[in-house]
Amino acid sequence: MRYEEALSGVRELCVEHLGEHIGAQLAALARPGFELKPADEDAAVTGLCRWGGPALLEPGTQWPVYAGVPLSVYTVLDVGALGPWLGDQVPATGSALLNFFFLDPRTGSEEVPKDAGGFSYEDPWVCRVVPADPRRAVEVPAPDPAPRFDRVPLHAHPVVTLPSASSYDCDPVLGTLDYGDAIEESSLYQVDPAWLVVDRFGETAWPQYCVDEQGLEWGGMRNQAFGWPPIHSYGVGLLEDLSQDEPYAHLLTLGATDMWEWGDGGIVRFVAPAKALREGDLNQARANPDAW
């Protein structure tokens with residue numbers, strides 16, 4: 001199915017539950033995204049997409065470090081294999097592979113310098129997104145003492161995504177909609193208009209649509225590339241900071257799954273200023289842990 005066809009069904013749903021004025025605005029925010037899951041006989045691997053394993057780097061690329069500690073490679077996204085569904089979210093890097101690195105908290109050996117022991121997730125250097133040309137990239141294993149993860153080939157399932165609107169998990173972009181007189185219906189809506197979208201759409205209508213029409217599990221995606229990410233009420237401040245000129249760009253969300261065991265139901269997002277992504281400046285990408 002083409003993205004435009006899938007988007008048409010989402011728009012109808014938005015208007016049905018929120019009315020033409022608000023529903024059309026919400027539908028206009030839709031972005032294409034991809035559910036990432038281990039490839040199997042029913043879901044073929046998408047290009048070189050994978051969790052764990054060695055990084056895919058061009059010769060001479062330095063391994064990213066934080067305070068002398070090598071970061072762990074979490075995921076490699078093969079952007080070129082995601083196809084036209086990705087649309088204009090393609091980073092302007094001139095490369096089709098994106099390596100996602102993070103300072104894994106389990107790097108707790110005696111080899112870790114003391115000045116790295118009290119790192120803050122707010123420090124931009126605890127993560128890196130490193131592009132590579134697939135024609136030149138070679139496998140590079142993580143140096144010690146960075147934790148390594150078994151390679152898991154990934155399948156990328158295309159879906160339509162909307163800003164998170166479930167309970168307190170509201171994406172700050174929902175506050176930018178024009179709600180008109182509808183917010184007068186509730187004092188809660190007057191305090192936070194986004195709650196109107198939560199009540200009428202986010203708690204049941206959208207999750208059920210994702211199950212019935214997009215093949216997702218109730219509760220949404222745990223591992224996702226691009227699109228609008230899930231939000232569990234934490235880390236919203238960073239998303240607001242990155243959205244001073246236009247809404248932030250989302251690159252990758254990872255949650256505790258069969259691929260790895262870390263955190264207690266939390267996730268980590270890789271996000272960036274939208275302008276930086278368009279210009280190919282991945283050095284401004286930030287890690288945005290949520291409920292860890």
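Hydrogens, waters and symmetry mates play no part in the numbers below; they use all other heavy atoms, side chains included. In this chain, residues are counted from 1 in sequence order.
Atom-to-atom distance recorded for S8:OG and L13:CG is 11.5 Å, nearest 0.5 angstrom. Atom CD of Q224 sits about 9.0 Å away from atom CG of L216, to the nearest 0.5 Å. Note: W206 CH2 to L18 CG = 11.5 Å, rounded to the nearest 0.5 Å. L36 contributes atom CG, which lies 7.5 Å from atom CG of L254 (distance to the nearest 0.5 angstrom). Separation of atoms OG1 (T75) and CZ (F270) is listed at 7.0 Å; rounding is to 0.5 Å. Note that CG of L57 is 9.5 Å distant from CG of L97, once rounded to the nearest 0.5 Å.
A salt bridge links R11 to E20: at least one charged side-chain nitrogen sits closer than 4.0 Å to a carboxylate oxygen. A salt bridge links R50 to E139: at least one charged side-chain nitrogen sits closer than 4.0 Å to a carboxylate oxygen.
Residue D40 places its CG atom among more than 12 non-hydrogen atoms of other residues, nucleotides or ligands, all under 6.0 Å distant. Summarising the local packing, CD of E246 is surrounded by more than 12 heavy atoms from other residues, nucleotides or ligands at distances under 6.0 Å. The number of heavy-atom neighbours closer than 6.0 Å to CD of E4, taken from other residues, nucleotides and ligands shown, is above 12. Taking a 6.0 Å sphere around CG of D88, one finds it holds 12 or fewer heavy atoms contributed by other residues, nucleotides or ligands.
Between Y74 and F102, the gap from one ring centroid to the other is short of 6.0 Å. Aromatic pair Y189/W195: ring centres not closer than 6.0 Å. Taking the six-membered ring for Trp, W228 and Y248 have ring centres closer than 6.0 Å.
By the 4.5 Å heavy-atom criterion applied to side chains, W51 and V73 are not counted as neighbours. The shortest distance between side-chain heavy atoms of V76 and C49 does not fall below 4.5 Å.
In terms of hydrophobic clustering, with Ile, Leu, Val, Met, Phe, Trp and Tyr side chains grouped at heavy-atom distances under 4.5 Å, L103 and V65 are assigned to different clusters. In the hydrophobic cluster analysis, where Ile, Leu, Val, Met, Phe, Trp and Tyr join through side-chain heavy atoms closer than 4.5 angstrom, L77 is grouped apart from M221. Residues F201 and L196 fall within the same hydrophobic cluster, defined by Ile, Leu, Val, Met, Phe, Trp and Tyr side chains chained together at heavy-atom separations under 4.5 Å.
Taking each heavy atom of P32 and Q89 in turn, the nearest pair found is O-NE2, 2.6 Å. Taking each heavy atom of A92 and R278 in turn, the nearest pair found is CB-O, 2.7 Å. The two atoms that bring A249 and A274 nearest to each other are CB-CA, 3.9 Å, heavy atoms only. Shown here for A81 and T46, the closest heavy-atom pair between the two residues is O-CG2, 3.7 Å. Smallest separation of non-hydrogen atoms from A30 and L7: CB-CD1, 3.5 Å. Summarising the geometry of F101 relative to A55, their closest heavy-atom pair is CZ-CB, 3.9 Å, with the distance given to 0.1 Å.
Applying the side-chain hydrogen bond (donor to acceptor under 3.5 Å, both in side chains) test to residues at least two apart or on different chains, the pairs with a partner in residues 124-138 are E58-R136, R128-N283, D133-R135.
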Can you give me every donor-acceptor pair (side chain of residues 181-188, partner residue at least two apart or in another chain, under 3.5 Å) with its distance?
from : atom 1 : to   : atom 2 : distance (Å)
E185 : OE1    : R200 : NH2    : 2.5
E185 : OE2    : R200 : NH2    : 3.1
S186 : OG     : L188 : N      : 3.1

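Not counting sequence neighbours, the partners of V138 by the side-chain contact (heavy atoms from CB on, under 4.5 Å) test are V140.
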